[in-house]
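For reference, the structure discussed in these notes is given below.
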2 protein chains.
Amino acid sequence: MAPLSLSSQVKANLSEKLRSAGLRTTKQRILLAHLLFGAGNRHITAEILFDEASRSGLRVSQATIYNTLNQFHKAGLLHEVIIDQGRSYFDTNLEEHHHFYVESEARLIDIDQDEIVMGDLPKPPSGYQTDGIQIVIRLSNK
Amino acid sequence: MAPLSLSSQVKANLSEKLRSAGLRTTKQRILLAHLLFGAGNRHITAEILFDEASRSGLRVSQATIYNTLNQFHKAGLLHEVIIDQGRSYFDTNLEEHHHFYVESEARLIDIDQDEIVMGDLPKPPSGYQTDGIQIVIRLSNK
DNA sequence: GTACGTGCAAACGTTTTGCAGCGGG
DNA sequence: CCCGCTGCAAAACGTTTGCACGTAC
């Protein structure tokens, strides 16, 4: 994969994205943002992102990967999907949608929005408010 | 809490339950089964079960807690709910149902079956079969 | 210049594993 | 008697944290 040589146009776009999310634009964040957002919707784990960053020529520490993913998440640039014990997935698709999870491959697959039809959502118990809904359909090999 | 003094009737019932699930009936499993299944539907973590077992007078190792929960799960006596990163919940309610999750209290709450209305489920991609569906609605304090 | 980001390594909490010994069938 | 279960301790795993240094603004 091509190293840090992002075109200045691409860099400008990513910088803008980070800045409007209230984040400083460091070299690491620009490249990680490029890996995350530069190739359509992705389901990515810290491990995958670390590998991709390393392979693309940027020497980042794991701590930075975790910090960055958490910051992007807190800033609303990523959604978190928890479905595998001990491993978090981050989804670059921010629209409300749901997933198949292939346990044998530790892989998430988007479900088409119009494929899942929900009636009314249950009301939360008093004192609480709904914060997000997550539907996961586990798949196994036939 | 009352120690290991389970009535022989209770013990017989639990023994039967374990045996028909293909599990040997050891002292530890009988007591853990009693804690799990003797008080209605529960959402329990390894930590909670370990504490309850200790408090009830049985000296069990953490390894046995984990082994037992995993075995009960594999034997179909428990459902696993993964929603908190790094911690597994086991649900003694085997019927298909769904949950609220109160993040601030790390607590699961059952959703009444008739409160959630689903249309048709999406078909799994070819080569895969549906293995279970999990709906979680995250709650925060209002 | 200052507050925030980064790297490194150590710490953390949950879960798994290896192995010797015990106990159910 | 044998195979599976248990306890213990250590290891493994993903993730977080403390701290010194570096860098965006």
Side-chain angles (χ1 to χ4, degrees), chain A residues 4 11-12 14-33 35 43-54 57-75 77-78 80-90 103 106 108, chain B residues 4 11-12 14-33 35 43-51 53-54 57-75 77-78 80-90 103 106:
Chain A
L4 320 173
K11 268 196 240 182
L14 292 171
S15 296
E16 181 46 31
K17 182 162 192 162
L18 296 188
R19 216 172 282 118
S20 47
L23 297 169
R24 287 197 185 177
T25 61
T26 68
K27 189 165 66 163
Q28 290 85 342
R29 285 181 182 170
I30 297 278
L31 186 113
L32 294 177
L35 292 173
H43 306 118
I44 216 169
T45 63
E47 190 190 8
I48 295 170
L49 186 56
F50 180 71
D51 287 349
E52 291 190 357
S54 305
L58 181 69
R59 227 180 79 277
V60 267
S61 70
Q62 303 223 58
T64 297
I65 298 287
Y66 282 103
N67 288 160
T68 302
L69 286 172
N70 288 330
Q71 283 153 180
F72 282 16
H73 175 226
K74 215 182 301 178
L77 299 175
L78 291 173
E80 188 175 13
V81 180
I82 302 175
I83 194 51
D84 189 349
Q85 70 266 50
R87 186 190 339 229
S88 277
Y89 287 83
F90 291 92
E103 208 148 8
L108 286 170
Chain B
L4 319 172
K11 267 196 240 182
L14 293 170
S15 296
E16 179 47 29
K17 182 163 193 161
L18 297 187
R19 216 172 283 117
S20 47
L23 298 169
R24 287 195 184 178
T25 62
T26 68
K27 188 166 67 162
Q28 290 85 345
R29 284 182 183 170
I30 298 277
L31 186 114
L32 295 177
L35 292 173
H43 305 118
I44 216 169
T45 64
E47 189 189 7
I48 295 170
L49 186 57
F50 180 71
D51 287 349
S54 305
L58 181 69
R59 228 181 78 277
V60 268
S61 69
Q62 303 223 59
T64 297
I65 297 289
Y66 283 102
N67 288 161
T68 302
L69 286 172
N70 288 330
Q71 283 153 179
F72 282 15
H73 175 226
K74 215 182 299 177
L77 299 175
L78 292 173
E80 188 175 12
V81 181
I82 302 174
I83 194 52
D84 188 349
Q85 71 265 51
R87 187 188 340 226
S88 276
Y89 287 83
F90 290 91
E103 208 148 8

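Convention: sequence-line order gives letters A, B, ...; per-chain numbering from 1.
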Would B:Val81 and B:His43 count as a side-chain contact (heavy atoms from CB on, under 4.5 Å) if you check the C-alpha gap in whole Å, the side-chain angles of each, and the deciding distance to 0.1 Å? CA-CA 9 Å; B:Val81 181; B:His43 305 118; 5.8 Å; no
For the residue pair A:Ser88 and B:Gln85, confirm or rule out a side-chain donor-acceptor distance under 3.5 Å. no
From CG of A:Leu69 across to C1' of C:dG5 the rounded distance in Å is 15 Å
Computed from five pairs at either end and rounded to 10 degrees, the angle between the axes of the helix from C:dG1-D:dC25 to C:dG25-D:dC1 is 40°
Whole angstrom value for the distance that separates C1' of C:dG5 from CG of A:Leu58: 13 Å
Figure out the CG/P separation between A:Asp84 and C:dT14, and round it to whole Å. 17 Å
Closest non-hydrogen atom pair between B:Ala75 and B:Ala21, with its separation: CB-O, 3.9 Å
Measuring from atom CG of A:Leu18 to atom CG of A:Leu77, what distance do you get when rounded to the nearest 0.5 angstrom? 7.0 Å
C:dC4 phosphate, OP1 or OP2: any side-chain N/O from A:Arg29 under 4.0 angstrom? no
Take A:Phe90 and A:Asn70 through the test side-chain contact (heavy atoms from CB on, under 4.5 Å) and record every step on the way to the result. CA-CA 9 Å; A:Phe90 291 92; A:Asn70 288 330; 4.0 Å; yes
Taking only N and O in the side chain of A:Thr64, is any of them less than 4.0 Å away from OP1 or OP2 of C:dT6? no
At under 4.0 Å between heavy atoms, which parts of nucleotides 14-25 of chain D does protein reach? Answer with one letter per nucleotide, 5' to 3': B base, S sugar-phosphate only, - none. SBBB------BS
Measure CD1/B:Ile65 against C1'/D:dC5 and give the value in whole Å, please. 14 Å
Does the side chain of A:Leu49 come within less than 4.5 Å of A:Leu35's, by heavy atoms? yes
Whole-Å distance, B:Phe90 CZ to C:dT14 P, equals 14 Å
Could you tell me whether the side chain of A:Ile30 reaches within less than 4.5 Å of the side chain of A:Lys27, counting heavy atoms only? no
Just checking, is any N or O donor in the side chain of A:Gln28 or A:Thr64 under 3.5 Å from an acceptor N or O on the other one? no
If I take atom CZ in residue B:Phe72 and atom C1' in nucleotide D:dT6, what distance separates them, rounded to the nearest angstrom? 14 Å
Which pair of heavy atoms, one from B:Arg24 and one from B:Arg29, lies closest together, and at what distance? O-NH1, 3.1 Å
Nucleotide D:dC13, atom C1' - distance to CD1 of A:Ile82 in whole Å: 16 Å
Here the distance between atom P of D:dC8 and atom CZ of B:Phe50, to the nearest Å, is 9 Å
Does a nitrogen or oxygen in the side chain of B:Gln28 sit under 4.0 Å from OP1 or OP2 of D:dG7? yes
